[in-house]
Amino acid sequence: MSERAEHAPAVPAAVLDTSALVSEQRHWLWLLARDGYYKAFWSTFIIAELVRVRVEHSIAHGTARDLYRQRINNLIHQLSDVLLLADYRSIELGAVLPDPDDEPILAAALAARAGYVVSHNVRDFPTGGQAIGVRFVTPAQFLAVLEATEPDAGLAQRAAEPGMRLP
């Protein structure tokens with residue numbers, strides 16, 4: 001049972017975009033989801049993009065193939081223990097966002113009934129930071145949302161602590 005499960009009536013839900021999952025914030029995003037402060041979602045589209053980005057990054061930095069495969073596999077396994085899968089293909093969208101490559105991310109949020117997309121891709125956020133009832137926020141903005149829902153939990157402090165690290 002999560003640390004928060006006993007006293008929480010409802011928690012926010014968010015889709016974690018690839019840019020958030022490759023950032024330093026991935027550690028606390030995973031930790032706070034694991035501990036039940038919010039429901040985290042991703043999709044097969046996001047998983048595929050995450051693997052592609054991590055492979056490209058590893059090759060560009062000269063990381064040995066065996067090592068980067070092990071790290072990516074470990075990351076996917078750990079994230080899979082916490083992130084819930086949203087079927088983005090169940091939602092059909094028209095041209096809602098400035099970048100059509102972000103449509104599967106919004107579709108995942110709608111399929112998951114998530115109120116947030118957490119992303120560093122701010123240049124492609126919709127006008128007003130919202131589309132079809134889903135708010136697009138940076139990890140820092142999402143941490144502020146979580147702190148507002150749990151003001152006594154010290155979430156910003158927990159996010160800043162080294163603690164458990166993802167690969």
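For this chain, numbers begin at 1 and follow the sequence in order.
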Problem set entry | Audit row: Q70, N74, side chain to side chain contact (heavy atoms under 4.5 Å, CB included) steps and yes/no | CA-CA 6 Å; Q70 178 185 10; N74 288 343; 3.8 Å; yes
Exercise. Step by step, would you call V11 with T149 a side chain to side chain contact (heavy atoms under 4.5 Å, CB included)?
Worked result: CA-CA 8 Å; V11 296; T149 63; over 6 Å; no
Exercise. Would I46 and V15 count as a side chain to side chain contact (heavy atoms under 4.5 Å, CB included) if you check the C-alpha gap in whole Å, the side-chain angles of each, and the deciding distance to 0.1 Å?
Worked result: CA-CA 9 Å; I46 295 167; V15 167; 3.6 Å; yes
For this session: Apply side chain to side chain contact (heavy atoms under 4.5 Å, CB included) to L75 and L21, showing your working.
Result: CA-CA 10 Å; L75 175 64; L21 292 172; over 6 Å; no
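L50 contributes atom CG, which lies 10.5 Å from atom OG of S43 (distance to the nearest 0.5 angstrom). One finds the CG atom of D81 at 11.5 Å from the CD1 atom of I76 (value rounded to the nearest 0.5 Å). For the atom pair R158 CZ and L31 CG, the distance stands at 5.0 Å (nearest 0.5 Å). Remark: R26 CZ to S19 OG distance equals 12.5 Å, nearest 0.5 Å. With rounding to the nearest 0.5 Å, the separation of CZ in R113 from NZ in K39 is 11.0 Å.
By the side chain to side chain donor-acceptor pair (under 3.5 Å) test, Q141 pairs with T138, sequence neighbours left out. For A156, the side chain to side chain contact (heavy atoms under 4.5 Å, CB included) criterion is met by L143, E147, not counting sequence neighbours. With sequence neighbours left out, Y68 forms a ring pair (Phe, Tyr, Trp, His ring centres under 6.0 Å) with no residue at all. L85 pairs by the side chain to side chain contact (heavy atoms under 4.5 Å, CB included) definition with W42, T44, I47, not counting sequence neighbours. For E92, the salt bridge (Lys or Arg N to Asp or Glu O under 4.0 Å) criterion is met by no residue, not counting sequence neighbours. Listed by chain and residue number, Y38, Y116 satisfy the ring pair (Phe, Tyr, Trp, His ring centres under 6.0 Å) test with F142 (two or more places apart in sequence, or in another chain).
Closest non-hydrogen pair, A20 versus S23, comes out as O-OG, 2.8 Å. Listed here is the closest heavy atom pair of V118 and A14: CG2-CB, 3.9 Å. Across all non-hydrogen atoms, the minimal contact from L67 to T63 is CD2-CG2, 3.9 Å. Looking at every heavy atom in both residues, A13 comes nearest to F41 through CB-CE1, 3.9 Å.
Within the 3.5 Å criterion, the main-chain N or O of D66 finds no donor-acceptor partner in the side chain of R69.
Using a 4.5 Å cut-off on side-chain heavy atoms (C-beta onward), L16 and V117 make no contact. Residues Y37 and P12 have side chains not in contact (no heavy-atom distance under 4.5 Å, counting atoms from C-beta outward).
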Identify all side-chain donor-acceptor contacts of residues 100-109 below 3.5 Å with residues at least two apart in sequence or on another chain.
from : atom 1 : to   : atom 2 : distance (Å)
D102 : OD2    : N121 : ND2    : 3.4
E103 : OE2    : V96  : N      : 3.1
E103 : OE2    : L97  : N      : 2.8

Quick one: side chains of residues 55-62, donor-acceptor pairs under 3.5 Å with protein atoms, not counting sequence neighbours, listed by atom name and distance.
from : atom 1 : to  : atom 2 : distance (Å)
E56  : OE1    : R52 : NH1    : 3.4
H57  : NE2    : H61 : ND1    : 3.4
S58  : OG     : R54 : O      : 2.9
H61  : ND1    : H57 : O      : 2.9

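With a 6.0 Å cutoff to the six-membered ring centre and a 45° limit on the axis angle, R34 counts as a cation-pi contact of W30.
Sorted by first and then second residue, the pairs that involve residues 15-25 and meet salt bridge (charged side-chain N to carboxylate O under 4.0 Å, His left out), not counting sequence neighbours, are E24-R165.
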